[in-house]
Structures are given as C-alpha cells and as structure tokens.
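Working notes, beginning with the structure itself.
Note that the structure is predicted; figures quoted are calculated from it, not measured. Numbering of ligands and ligand atoms starts at 1, following listing order.
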Amino acid sequence: MKSDARVVVIGGGVVGVSVLYHLTKAGWKDVLLIERGELTCGSTWHAAGGMHTLNGDPNVARLQQYTINLYKELEQISGQSCGLHMPGGIMLAGTRERFDWLKMAKARGRYLGMELELISADEAARVFPIIDKKYFVGALLDPIEGHVDPYGVTHAYAKAAQIGGAEIVRHNRVLDLKPRTDGSWDVITESGNVHAEHVVNAGGLWAREVGRMVGLELPVLAMQHQYLITEDLPQLKGQKELLTCIDFEGEIYTRQERGGVLLGTYERAGVPWSPRETPWDFTQSLLPEDLERIGPSLEVGFRHFPTLAEAGIRKVVNGPFTFAPDGNPLVGPIRGLRNFWVACGVMAGFSQGGGVGLTLSQWMVEGDPGADVWAMDVARYGDWATLAYTNAKVRENYSRRFRIRFPNEELPAARPLRTTPVYERLQAAHAVFGDYCGLEHPLWFAPSAEQAHEDITFHRSNAHPHVGEECRAVQEAVGLLEISNYGKFEVTGSGTEQWLSYVMANRVPKVGRIALTPMLNERGKLIGDFTMCRVSAERVFLICTWAAEVYYRRWFERHPPPASVTVRPCAMEYVGLSVAGPRSRALLQALTPTDLSSAAFPFLSFRPLDIGMIPALVGRISFTGELGYEIWVTSEYQRALYDVLSSAGRSQGLRLFGGRALNTMRIEKSFGTWAREYRPIYGPHEAGLGRFVDFGKGEFVGRAAALEEKESGGALRLITFSVDAQDADASGDEPIWHEGRVVGWVTSGAYGHRARRSLALGYVPAPLAAATEGFEIEIIGERRRAQPESAAVLDPSGSRMRS
Ligand SMILES: Cc1cc2nc3c(=O)[nH]c(=O)nc-3n(C[C@H](O)[C@H](O)[C@H](O)COP(=O)(O)OP(=O)(O)OC[C@H]3O[C@@H](n4cnc5c(N)ncnc54)[C@H](O)[C@@H]3O)c2cc1C
C-alpha cells in the first residue's frame with residue numbers, strides 16, 4: 001500500500017468503487033481505496049440489484065438515469081460483466097389515487113425525457129401475466145428498468161478505476177483518522193498509515209463508525225430487509241424475461257431471477273439493525289430470515305401474484321442496508337472539516353451509485369457538484385438529526401417506501417421535537433402544524449379543535465376555505481403569523497460590510513435599511529436568497545432559509561470572513577412574529593411610541609424598537625405583499641409579544657394565519673423561494689432576481705458568470721401562470737406544455753385566494769418568455785390552459801407594501 005495519496009476512499013461497496021472510478025475519470029489518478037474485507041462485503045453483495053429511474057426529486061431522478069446508462073460504459077472499459085438485464089419495468093396501481101400518482105410520475109418523467117406509458121389493468125395483465133388483474137386499476141410502464149449483478153457491477157467499477165490509475169487495498173481496516181493543520185489527513189490502518197489530501201467516507205453499513213473517527217454523528221441507520229426467491233415457475237420457461245415490478249398496494253417489488261421470481265417487501269413494521277454501532281465482524285454476512293414479519297405483505301403479494309403463491313421458496317435473504325431520514329443519500333463535504341467528504345446513506349446503490357460517484361468526484365475535483373444535488377446534500381441535516389431522531393424517521397421512511405406522499409401531507413414520526421414559546425398558544429388557537437427541520441410551525445388554523453386535521457389529497461383539501469379566510473383577513477385587515485422557521489445569521493465586527501459585499505450579489509444596505517440579495521456560486525448560479533438587515537455599521541442581521549443553514553455555513557467557510565468579523569447562526573435564538581395587512585401599522589403603532597408612519601419608517605426599514613415592554617428588531621417587509629412587519633425577539637419575549645399583539649389586534653380584526661396562506665400570497669406576488677424557484681441550476685437573471693445583483697459595487701462571488709448571464713439573457717425564464725384548474729392546483733414538478741410540446745416545469749403552485757385563481761410559477765426556455773398563448777400545465781394527467789402573466793397577479797406595482 002502506498003503511504004501517500006491524493007484521496008483515500010474508505011469502503012469498497014458499490015458506492016466507494018463508483019467514487020474511485022469517477023475520480024480517475026475526472027483526472028485524479030493518485031487515489032487509493034481501502035476495504036476492510038473483500039469488495040462488496042457490506043450491504044452490497046446480497047442486494048437484489050434492481051434499478052429504477054423514478055425518484056421524488058427530479059434532480060436525483062436524473063442521476064439515477066445517469067447510473068443506469070453507465071453500466072454499458074463500465075463493461076466496455078473493464079471487460080467485467082455487470083450482469084445487466086433491462087426487461088423494462090411495470091408499476092402497478094391498486095387504487096385510483098395511486099393511478100393519479102402514476103399519472104403525475106409520468107408527467108414529471110416528460111421533462112426528464114423519460115418514455116413512460118400509462119396502461120389499463122387489462123393491458124398490465126397482458127404484459128405482466130403473473131398478476132391477478134382484479135386488484136389493479138392500471139399501471140405505468142418504464143422501458144429503462146432492470147437489474148444488475150451487484151458483484152459484477154462493483155468489480156466493473158473497481159477494474160475501470162484501476163485501469164484509470166487507482167489502487168485498491170483489501171483486508172485492511174481503517175482504524176482512525178487524524179487531521180493535520182494543513183487540512184490533510186493521516187489515515188491509520190491495520191497495515192500502516194497513509195497520508196492523504198482528501199478522505200471519502202463510503203463506509204456504507206459502517207459510515208457512522210467512520211464518521212465518529214472525526215467526531216461526526218451521521219444521520220444514517222441500517223434496516224433489515226428481506227426478499228425471497230421462488231423455485232422455477234413453469235410459466236416463465238422459454239418466455240421473454242419478466243418486467244421488473246412494483247406493486248404499491250402490496251408494498252412489494254419483484255423481478256425474474258433465473259427461472260423463478262425474486263420478491264422483496266418493505267414491510268410496515270420494519271426493524272432497524274444495529275441501531276447504535278455496527279459490529280466490525282459482520283462481513284459478507286446475512287441475518288436470520290424472519291418470514292413471519294413479512295407475512296402480511298406476503299399474503300397480499302400471493303393474492304396479487306397467485307402464480308407465486310403456488311411456487312416453492314428456494315431462498316430467503318435478510319440483509320441490512322442504510323438509509324438517511326428522508327431516504328436520499330448523504331453526499332458532499334462536511335462543514336467544519338477540511339477535505340473530508342461523505343458518500344453514504346445510499347439505499348439504492350444500483351440506481352444511485354453512479355450519480356453519487358459522479359457528483360462527489362466533480363465536487364472534489366472542480367469544487368462544485370456540477371448539478372443541483374440539494375436533495376442528497378449531507379448539509380440538509382444539522383445537529384438536530386440525532387441518533388434517536390434518525391431512528392424514528394428512518395423507520396417511518398422505510399415503512400412508507402411504497403406509499404404515496406401527498407403534496408399536503410405532513411409525516412408524524414419524531415414529532416414534536418422543536419417548539420417555540422408560542423406553540424401552546426397556537427395549539428389552543430387550533431393550529432394545524434407542519435414539521436420543518438424538526439420544528440413545529442403553523443400551516444393553517446381550523447375553527448375548532450375537532451376540525452384541526454387536514455385530509456391528505458392531490459386535490460384542494462378541507463384546509464382550502466380556512467386558508468382563504470386567512471388570506472382575506474390579511475388583505476382586508478391584519479394577520480398574525482409565526483415566522484420563527486426562517487434561518488437567521490448575525491454578522492458583526494469591523495469588515496462586516498466588505499465581507500458581505502463579497503459573498504452576496506447585492507449592495508449591503510445603509511444602516512436602518514433592508515436589502516434583498518441572491519448569493520451566487522462561482523458559476524453565477526443561485527445558492528441562496530437572503531434578506532440583509534443593517535442594524536448598525538458593524539452589525540447585519542441576515543434572514544434566509546433555515547433548512548440551508550449548514551449549507552450556508554459550509555459556504556461561508558469556503559469564503560471565510562476576516563478575523564475581525566463573526567458570523568453566527570441564530571435561528572432559534574431570535575424567534576419571530578409577523579403582522580401583515582392594511583391595519584398592521586395601526587396595530588403596531590398602538591404598542592410603540594416610535595413613529596411608524598411611512599415617512600418615518602418606510603418600506604424596507606429595519607430598526608430596534610420596543611413593542612410594549614418588549615425589545616425587538618423590526619423590519620418593514622412582508623412576504624405576503626401587503627403592508628407588514630417582521631418582528632424578531634429573543635425567545636424569552638416571544639410569548640409576551642404574542643399576547644400584546646393579540647390583544648391590541650382585537651380591535652383591528654386580527655386573525656392568525658399560517659404557512660399555507662403565506663405560500664399562496666407569495667405566489668400571487670411572484671416571489672420565489674429557496675429550493676423551489678431558487679436553486680443552483682438557475683441564474684439570477686433567469687429567476688427574475690437580476691435587479692438584486694449590483695455589478696457596480698466591485699468584485700463578488702459569481703460576478704463574472706452573472707454578468708455573462710445578464711448579457712446573454714440566460715437559457716430559462718421564471719414565469720407566473722394563471723391556470724384553468726378545477727379542484728386541484730399545481731404544487732410543483734408538473735410539466736409545462738407549449739403548443740403540444742413539454743417545454744418546462746412548475747416550481748410552485750397554489751390557489752391564490754386574493755387573486756381568485758389558480759396560479760403556478762415555473763421555468764420555460766427564455767425564447768418562449770414573451771409567448772402569450774399556447775401554454776398548458778399538466779395537473780394529475782389533465783392538461784390545463786395556463787395564461788402567462790407579464791407581472792405579479794396581485795398589486796404588481798407593490799403599492800400595498802409601500803403604502
Ligand atoms: C436485501 C437487500 C436488497 C437490496 N436490494 C437492492 C436493489 O434491488 N437495488 C438497489 O439499488 N439496492 C439494493 N439494496 C441496497 C444496496 O445494497 C445498497 O444501496 C448498497 O449496497 C450501498 O453500498 P455502499 O457502498 O454504500 O455500502 P456497503 O456495501 O455497506 O459498503 C461499505 C464498505 O465499506 C467497508 N468499510 C466500512 N468501514 C471501513 C473501514 N473502517 N475500513 C475499511 N473498509 C471499511 C465495508 O467493509 C464495506 O465493504 C439492497 C440491500 C439489501 C440488504
């Protein structure tokens with residue numbers, strides 16, 4: 001084994017070898033993989049090898065497509081067969097709702113270039129003869145599905161990497177990792193030490209243990225997973241290979257395995273494996289079979305697939321593999337650790353391993369993942385994702401693997417975890433809560449405790465009229481919203497302005513003022529949108545997206561402030577309430593001696609104010625598009641603030657409103673939001689944020705690329721559409737059609753109660769931005785006429801906010 005390497009990859013499962021191969025492909029040849037046993041000896045070797053292109057996140061779906069298309073290339077380079085079988089796949093719907101879900105999956109597949117086909121139950125039984133069609137209402141066919149041989153794939157990656165210059169050392173455990181002051185690592189192994197510039201944790205089942213070597217508690221947990229293989233079925237003899245299949249209602253997947261069928265299930269009562277520590281002596285091992293546990297799923301399966309009920313069982317496999325709380329991989333650099341990378345929590349290594357390797361290698365070599373990988377970025381989790389939280393969420397996710405997640409559905413596991421001081425007061429006001437980074441926040445308010453429950457649906461839910469009333473209260477009188485779930489940073493010290501001016505695209509505002517700003521990466525793409533609130537010359541309060549806090553902190557480490565500047569996350573230290581609506585000024589004025597007239601406290605002002613007895617930071621801004629104020633207090637004051645606002649608001653017609661109403665109101669104003677309209681695949685000009693990029697202020701990150709985008713006009717354009725919807729609105733990821741062709745996708749959608757119409761925001765190619773006709777948006781399989789709007793549908797001049 002060499003004693004120095006540019007990169008040491010820990011782990012020779014399908015993910016580690018993919019990272020290794022992609023590093024060599026990207027030009028880094030001095031790379032070493034260390035494996036404690038044989039390649040594949042973790043979760044990889046006993047996998048069923050199935051692969052699918054569909055994923056809830058379109059960007060992950062793209063990486064899955066990439067993975068599946070890679071196998072031929074790997075075979076060619078390595079000469080090693082991947083055991084590739086591509087019979088295509090069928091997804092069976094047992095209910096109308098599931099069929100609606102398949103229609104939506106097909107629609108999403110359109111702009112990903114997938115050739116998906118919806119078929120009837122009769123047709124399904126024809127192309128997939130082992131089912132009893134009476135249990136199904138229809139199905140979706142996907143030609144790009146199949147299965148591979150896990151051993152073959154892993155060795156194909158390994159050989160291709162070795163051909164590219166990589167070294168692989170087996171039977172050598174990494175025992176410890178020691179950082180050097182220059183950011184490099186000493187990798188301590190059973191067979192000696194290696195000095196490495198970079199380390200990649202691809203430890204799979206042992207990713208937690210490898211993480212702990214550097215003080216990290218990664219949110220991953222292994223679950224036991226079982227599949228069985230039947231004896232040969234006479235019906236399959238001499239026939240074309242069976243399609244791979246997912247039976248959602250049975251929570252079962254199948255594929256042909258030689259002359260029999262492999263049937264696996266994600267049972268509801270899933271069982272974690274080694275919840276705290278993974279034993280090091282678990283090598284190429286399996287767990288005892290437990291058919292009783294998957295009995296209920298098998299019963300359904302045998303009804304749906306009667307042929308299988310008659311077949312004998314040749315083999316049962318029970319093996320563990322790891323999941324992150326949301327089921328997507330954990331990939332990327334770790335905040336606070338230099339040159340330490342992870343590629344773990346990959347639950348579908350044969351669909352995702354290639355995409356994970358590609359992404360991580362580009363990130364390491366180019367400094368940027370090269371795609372929008374937010375859905376699998378390790379930075380989407382913070383310290384709140386503890387071992388016990390992860391345990392609860394992973395079990396929930398596993399049990400729901402084949403269940404529908406409705407656009408308005410909130411999941412119950414690991415709740416409540418974080419609450420703010422006004423939680424009980426909001427609960428008493430019949431709030432229906434959502435979960436955001438483990439924090440309970442109000443979505444909407446029901447008229448009574450009995451009604452404080454939302455039906456999950458693709459259509460408008462029982463919340464619809466109540467959200468409408470909340471919006472009307474904000475439009476006509478005043479609404480009160482809890483806004484604690486915004487991210488916050490405090491930047492202080494001499495040099496604050498210079499540093500912010502360099503990392504943000506807009507000019508830092510004057511003292512007492514607010515400025516909105518995109519944050520760009522070097523490619524000039526959007527990696528954040530911030531509200532900069534200048535409290536004093538050397539103190540700026542930043543408001544942003546809380547879910548991206550770790551992501552931003554990691555970015556700030558890459559562009560560090562000078563020693564005189566402190567950047568402090570303070571999301572839960574400052575909690576907030578917002579009042580919005582034409583009577584919000586009168587309400588607040590009754591509680592403070594400070595003159596709040598528009599002349600004295602105009603739109604985009606920000607200042608410390610006393611509200612009653614409560615010291616607060618107050619900004620004159622509201623995401624609702626109405627006259628409004630955001631009020632930030634340290635948490636011990638929030639209850640008192642709530643009480644004074646509530647009692648002073650009584651005479652003004654104050655009504656509580658929640659995140660649902662806020663969402664529809666910001667869409668009516670064409671205000672985008674991070675992770676929806678603003679993502680690293682869009683530039684500021686494309687996203688309509690060009691006016692917040694100040695090219696006159698000097699150098700800032702992404703300036704050259706943003707200038708280029710401005711001059712070229714960019715490739716895409718964010719458009720607001722009024723949609724002829726009926727009882728279902730767009731919610732995101734629906735295709736946008738133009739004159740019979742899919743040209744774009746929806747980023748957000750909702751019914752605009754003030755504008756009285758269904759709305760959607762979405763991207764289309766820039767040359768189509770001026771088209772005024774011919775657009776349609778596909779909602780649950782129906783193409784609905786969509787009218788592009790040249791400006792926000794509500795108060796386009798912004799006079800209400802400024803009044
Ligand atoms: C029963 C079952 C069926 C499955 N079916 C499918 C399927 O159909 N399709 C699909 O895509 N996925 C399937 N999977 C999941 C798939 O197996 C995983 O996604 C994949 O194996 C993850 O690979 P990995 O490289 O991340 O982890 P692992 O395979 O666990 O690899 C990690 C490697 O790191 C090594 N390692 C760890 N720590 C150290 C150390 N300190 N020093 C040296 N080496 C170390 C380990 O020995 C191991 O070889 C299935 C899994 C199971 C259990």
Pair [X] + [Y], salt bridge at N-O below 4.0 Å:
X: D326; Y: K393; value: no
X: K2; Y: D4; value: no
X: R62; Y: D57; value: no
X: R170; Y: E35; value: no

| task | Only one of R268, R98, R401 passes salt bridge (Lys or Arg N to Asp or Glu O under 4.0 Å) with E251; say which it is. | result |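 The salt bridge (Lys or Arg N to Asp or Glu O under 4.0 Å) with E251 is passed solely by R268 among R268, R98, R401.
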| field | Sequence-distant partners of N328, side chain to side chain donor-acceptor pair (under 3.5 Å), two or more places apart | value |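 Per chain and number, N328 pairs via side chain to side chain donor-acceptor pair (under 3.5 Å) with no residue.
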| task | Tell me the residues surrounding ligand 1, counting only those with a heavy atom closer than 4.0 angstrom, sorted by chain and number. | result |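 Residues within 4.0 Å of ligand 1: I10, G11, G12, G13, V14, V15, I34, E35, R36, C41, G42, S43, T44, H46, A47, A48, G49, G50, N172, R173, V174, A202, G203, G204, L205, W206, V210, H225, Y227, W280, G319, P320, F321, V346, M347, A348, G349, F350, S351.
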